[in-house]
*Asks:* 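This is the structure I have questions about; it appears just below.
Residues take their numbers from the sequence shown, with the count starting at 1.
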Amino acid sequence: SIVNTASIAGIKVFELTTPTYSAAKAAVNHMTRFAAVQYADKGIRINAVAPGIIETPSLAQTPKEITDAALALLPAGKFQQAEEVANAIVWLSSDEASAINGVTLPVDGGYSAK
């Protein structure tokens, strides 16, 4: 099993990022689907996770007006934790997700559902 890292910015417009970043992450999503089809007959599953905004030390240094604007966009009203993304990766890699192939799983607190 392979799990690529994309971003919610590759799924829908995310106002706080750049078009080039979004295009690169959309390419990861498409590459994931393409490779999943190519390698399925070899028993290799390929998926991706699309994290939202992760609470990191770098985010803590971001000006408050920017983090407040970002929080206002998130239905869950909180930033994601690295452990939440890691849990999704572990699950996608496990036998419990053996029928999942070619999917980009948002781990974004509901942002991509809007």
Side-chain angles (χ1 to χ4, degrees):
S1 177
I2 297 169
V3 181
N4 295 319
T5 304
S7 167
I8 57 170
I11 294 174
K12 65 178 284 183
V13 172
F14 187 65
E15 298 88 347
L16 301 176
T17 190
T18 65
T20 51
Y21 178 82
S22 296
K25 293 306 182 171
V28 171
N29 294 334
H30 190 69
M31 178 190 70
T32 297
R33 289 187 302 274
F34 192 90
V37 170
Q38 279 196 311
Y39 291 96
D41 66 341
K42 295 172 179 49
I44 300 171
R45 295 182 301 107
I46 304 173
N47 294 292
V49 292
I53 302 172
I54 307 299
E55 193 166 0
T56 63
S58 176
L59 182 65
Q61 296 176 7
T62 302
K64 183 172 176 10
E65 61 272 8
I66 293 174
T67 57
D68 286 349
L71 275 173
L73 297 171
L74 306 176
K78 71 175 192 75
F79 296 121
Q80 275 53 75
Q81 302 299 308
E83 294 80 12
E84 294 171 315
V85 178
N87 290 338
I89 293 169
V90 168
W91 179 75
L92 281 171
S93 301
S94 75
D95 288 340
E96 292 176 356
S98 62
I100 311 296
N101 193 25
V103 168
T104 297
L105 178 65
V107 185
D108 64 2
Y111 177 77
S112 60
K114 295 189 331 176

*Asks:* Over all heavy atoms of both residues, which pair between Ala69 and Leu16 is shortest? Give the atoms and the distance, please.
*Replies:* C-CD1, 4.4 Å
*Asks:* Treating Asn101 as the side-chain partner and Ala40 as the backbone partner, does any N or O pair qualify as donor plus acceptor under 3.5 Å?
*Replies:* no
*Asks:* I need the Asp108 CG to Glu84 CD distance, nearest 0.5 Å.
*Replies:* 10.5 Å
*Asks:* Counting C-beta onward and ignoring hydrogens, is there a side-chain heavy-atom pair between Gln80 and Pro51 closer than 4.5 Å?
*Replies:* no
*Asks:* Is the count of non-hydrogen atoms from other residues, nucleotides or ligands lying under 6.0 Å from Lys64 atom NZ greater than 12?
*Replies:* no
*Asks:* Take a 6.0 Å sphere around OH of Tyr39 and say whether it holds more than 12 heavy atoms from other residues, nucleotides or ligands.
*Replies:* no
*Asks:* With rounding to the nearest 0.5 Å, note down the distance linking CZ in Arg45 to OG in Ser93.
*Replies:* 7.0 Å
*Asks:* Measuring from Leu105:CG to Ile100:CD1, what's the distance to the nearest 0.5 Å?
*Replies:* 9.0 Å
*Asks:* If you look at every heavy atom in Tyr111 and Leu73, which pair is closest and at what distance?
*Replies:* CD1-O, 3.3 Å
*Asks:* If hydrophobic clusters are built from ILVMFWY residues whose side chains come within less than 4.5 Å, do Val85 and Ile53 share one?
*Replies:* no
*Asks:* Determine the minimum heavy-atom distance between Thr104 and Ala6, stating which atoms define it.
*Replies:* CG2-CB, 4.5 Å
*Asks:* Distance only, no hydrogens: is a donor on one side chain within 3.5 Å (strictly under) of an acceptor on the other, for Ser58 and Thr56?
*Replies:* no
*Asks:* Supply the atom-to-atom distance Lys25 NZ to Ile8 CD1, rounded to the nearest 0.5 angstrom.
*Replies:* 12.0 Å
*Asks:* Identify the two heavy atoms, one from Ile54 and one from Ala82, that lie closest to each other, and give their separation to 0.1 Å.
*Replies:* CG2-N, 3.7 Å
*Asks:* Pick one: which of Leu92, Asn4, Val37 meets side-chain contact (heavy atoms from CB on, under 4.5 Å) with Ile46?
*Replies:* Asn4
*Asks:* Just by modelled atom types, is the Leu59 backbone N or O under 3.5 Å from a matching donor or acceptor in the Thr62 side chain?
*Replies:* yes
*Asks:* Using a side-chain heavy atom cutoff under 4.5 Å and only I, L, V, M, F, W and Y, what cluster partners does Val28 have?
*Replies:* none
*Asks:* Distance from Glu15 atom CD to Thr17 atom OG1, nearest 0.5 Å?
*Replies:* 10.5 Å
*Asks:* Considering all heavy atoms of both residues, which atom of Thr32 and which atom of Val103 are nearest to each other, and what is their separation?
*Replies:* CG2-O, 4.3 Å
*Asks:* Quick check: closest heavy atoms across Ala97 and Trp91, and the distance to 0.1 Å?
*Replies:* CB-O, 3.3 Å
*Asks:* Measuring from atom NZ of Lys78 to atom CD of Glu55, what distance do you get when rounded to the nearest 0.5 angstrom?
*Replies:* 8.5 Å
*Asks:* Using a 6.0 Å cut-off, check whether atom CD of Glu96 has over 12 heavy atoms from anything other than its own residue.
*Replies:* no
*Asks:* Checking the side chain of Asn47 only, and the main-chain atoms of Gly102 only, is there a donor and an acceptor separated by less than 3.5 Å?
*Replies:* yes
